Amino acid sequence: MSDSSASWSSMGGDDGLAFDAIILAGGRSSRLGGSPKAELVIGSRRLVDIAVDAASAVGAHRTVVVGPDGLVTAPVITAREQPPFGGPVAGLAAGLAALDRLDADAAASARSEAEPEPETATATATDPDADATAGRTEPADHWVLALTCDLPLAAAAAAELVAAARTTTGATQGICLDDGRPQWLPTVYRRDVLARALAELGDPHGASMRALADHLALTTIPDPGGLTIDVDTWQDVERARTPAEPTDEASPSPRAEGAGMPNTSQSPESLDRWLAALATELGIEPADVPIGEILDLARDVAHGVARPAAPLSAFVVGLAVGAGNGSLAELSARATALAEGWSSDEPA
């Protein structure tokens with residue numbers, strides 16, 4: 001990885017794109033009993049090192065790890081949202097602010113180096129080469145790769161996202177993976193668009209990624225094979241540490257108690273067919289089922305509490321809607337807020 005003070009002119013690829021990376025590593029890891037996810041070892045590397053190496057492999061110019069001091073060493077930069085444990089959106093804002101400070105320092109240093117000595121002022125001012133390069137300090141297309149420190153397959157996920165960014169059109173604001181529904185992390189964003197979305201959102205502390213996504217037009221690409229599967233529980237850790245074995249379709253191994261849904265991606269058309277069949281079977285109109293809101297709720301609960309809590313929570317919210325306690329949108333938002341702030345140690 002190049003030094004953080006290097007000029008932008010040295011970092012862009014042949015296609016004019018340049019990438020920085022922000023790695024989110026400041027969560028509470030409550031479902032791991034407080035054991036920091038970033039420090040967990042998968043294979044022979046810590047999860048945070050897997051993320052840092054993934055950023056380096058796709059050509060990130062600078063990498064900022066948002067988390068506690070001491071996780072990484074230079075040239076990787078450490079930042080921290082204030083107050084800590086502000087959630088992923090606050091982490092993105094802190095990482096972007098750290099990049100802004102680096103840019104300001106680099107610009108100030110470049111201006112200082114460009115100031116001519118008094119005796120050479122005239123020659124420098126009339127140098128056509130100096131005029132031609134003046135002000136060319138940033139690449140034409142600047143992106144930010146956002147990763148989390150709980151992705152065992154961060155390298156493959158980063159490669160897919162950056163490859164898509166290199167072939168996208170100028171209208172694309174950001175790109176995320178879709179494993180049957182959009183996954184808002186990991187993601188690549190155009191840096192100026194991300195900064196504008198954060199400004200429109202306001203206070204990022206405690207804000208959800210869904211709230212940030214409301215201010216962005218994200219393009220989705222297929223997740224080719226479980227790249228967004230993260231590590232939230234000790235069961236996830238063991239699964240990530242266990243080498244994949246060939247499956248015997250004739251004799252499938254039993255599913256572990258509490259295991260999540262299959263990791264195979266289902267197309268929207270497949271979900272639509274299932275919904276139509278189920279709704280008809282139960283005597284309701286398929287059009288009356290707000291698929292997007294229900295899937296958003298299930299995803300947020302799965303990430304904030306546990307995978308088995310997702311269908312349970314959807315059912316409870318449905319009961320509450322049926323009881324007239326509020327609209328689906330209102331009750332889903334309340335359930336999501338509860339899930340995002342949930343701690344496994346929270347007293348009943």
Side-chain angles (χ1 to χ4, degrees), residues 21-55 63-73 76-95 98 146-154 157 183-186 203-210 212 228-242 256-260 298-310 312-313 334-348:
I22 298 173
I23 297 171
L24 305 179
R28 295 182 186 273
S29 302
S30 58
R31 282 188 281 161
L32 291 168
S35 297
K37 290 183 184 181
E39 300 276 14
L40 294 174
V41 175
I42 304 295
S44 60
R45 293 179 295 166
R46 299 179 305 162
L47 279 170
V48 68
D49 297 325
I50 290 174
V52 169
D53 291 346
T63 297
V64 178
V65 171
V66 182
D69 290 335
L71 271 181
V72 292
T73 58
V76 180
I77 302 111
T78 298
R80 191 65 158 146
E81 76 273 26
Q82 295 298 332
F85 307 117
V89 178
L92 286 175
L147 297 171
T148 56
C149 72
D150 58 359
L151 294 173
L153 300 180
Q183 297 294 330
W184 292 316
L185 284 170
D203 183 6
H205 189 84
S208 68
M209 288 298 296
R210 180 170 65 179
L212 178 63
T228 59
I229 295 175
D230 54 10
V231 171
D232 287 327
T233 67
W234 287 115
Q235 184 181 29
D236 296 336
V237 174
E238 292 308 311
R239 186 180 298 114
R241 287 173 174 170
T242 302
E257 182 180 356
R299 176 192 56 219
D300 294 339
V301 171
H303 280 280
V305 183
R307 288 185 179 90
L312 175 63
S313 302
R334 289 168 59 183
T336 294
L338 181 64
E340 290 177 342
W342 186 254
S343 169
S344 60
D345 300 323
E346 196 157 333

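Keep in mind that what you see is a predicted model, and the values were worked out from it rather than measured.
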>> Walk me through whether Ile23 and Thr63 qualify under side-chain contact (heavy atoms from CB on, under 4.5 Å).
In response: CA-CA 7 Å; Ile23 297 171; Thr63 297; 3.7 Å; yes
> So how far is it from Leu47 CG to Ile42 CD1, rounded to the nearest 0.5 Å?
Replying inline: 5.0 Å
>> Between Gln235 and Arg239 (side chain of the first, backbone of the second, donor and acceptor by atom type, cut-off under 3.5 Å), is there such a pair?
In response: no
>> Under a 3.5 Å distance rule, please check whether Asp49 uses its side chain to pair with a backbone N or O of Arg45 as donor and acceptor.
In response: no
> If every non-hydrogen atom of Ala79 is compared with every non-hydrogen atom of Ala98, which pair is closest and at what distance?
Replying inline: CB-CB, 4.0 Å
> Arg28: what forms a salt bridge (Lys or Arg N to Asp or Glu O under 4.0 Å) with it, not counting sequence neighbours?
Replying inline: none
>> Would you say that Leu151 contacts Ile50 through its side chain, given a criterion of any heavy-atom pair below 4.5 Å between the two side chains?
In response: no
> How close do Gly86 and Ala90 get, heavy atom to heavy atom, and via which atoms?
Replying inline: O-CB, 3.6 Å
> Side chains of Thr78 and Leu71: closer than 4.5 Å at any heavy-atom pair?
Replying inline: no
>> Do Trp234 and Ser35 have side chains that approach each other closer than 4.5 Å (heavy atoms only, starting at C-beta)?
In response: yes
>> Tell me if a side-chain donor or acceptor on Lys37 pairs with a main-chain N or O of Val231 at a distance below 3.5 Å.
In response: yes
> Where is the tightest heavy-atom contact between Pro152 and Asp150, given as atom of each residue plus distance?
Replying inline: CD-O, 3.3 Å
>> Contact between Arg31 and Ser29 at the side-chain level, heavy atoms closer than 4.5 Å - yes or no?
In response: no
> Does a side-chain heavy-atom distance below 4.5 Å link Leu92 with Pro204?
Replying inline: no
>> Could you report the tightest heavy-atom contact between Ile22 and Gly95, atom names first, then the distance?
In response: CD1-C, 3.6 Å
>> Just so I know, are the side chains of Ser208 and Val89 near enough to count as touching, which here means a heavy-atom distance under 4.5 Å?
In response: no
> At their closest point, which heavy atom of Leu147 faces which heavy atom of Ala55, and how far apart are they?
Replying inline: CD1-N, 4.4 Å
> Are more than 12 heavy atoms from other residues, nucleotides or ligands located less than 6.0 Å from atom CZ of Arg241?
Replying inline: yes
> Under 4.5 Å between any side-chain heavy atoms of Val48 and Val65, yes or no?
Replying inline: yes
>> Is any side-chain heavy atom of Val237 closer than 4.5 Å to one of Leu32?
In response: yes
>> Could you report the tightest heavy-atom contact between Ala25 and Cys149, atom names first, then the distance?
In response: CA-SG, 3.6 Å
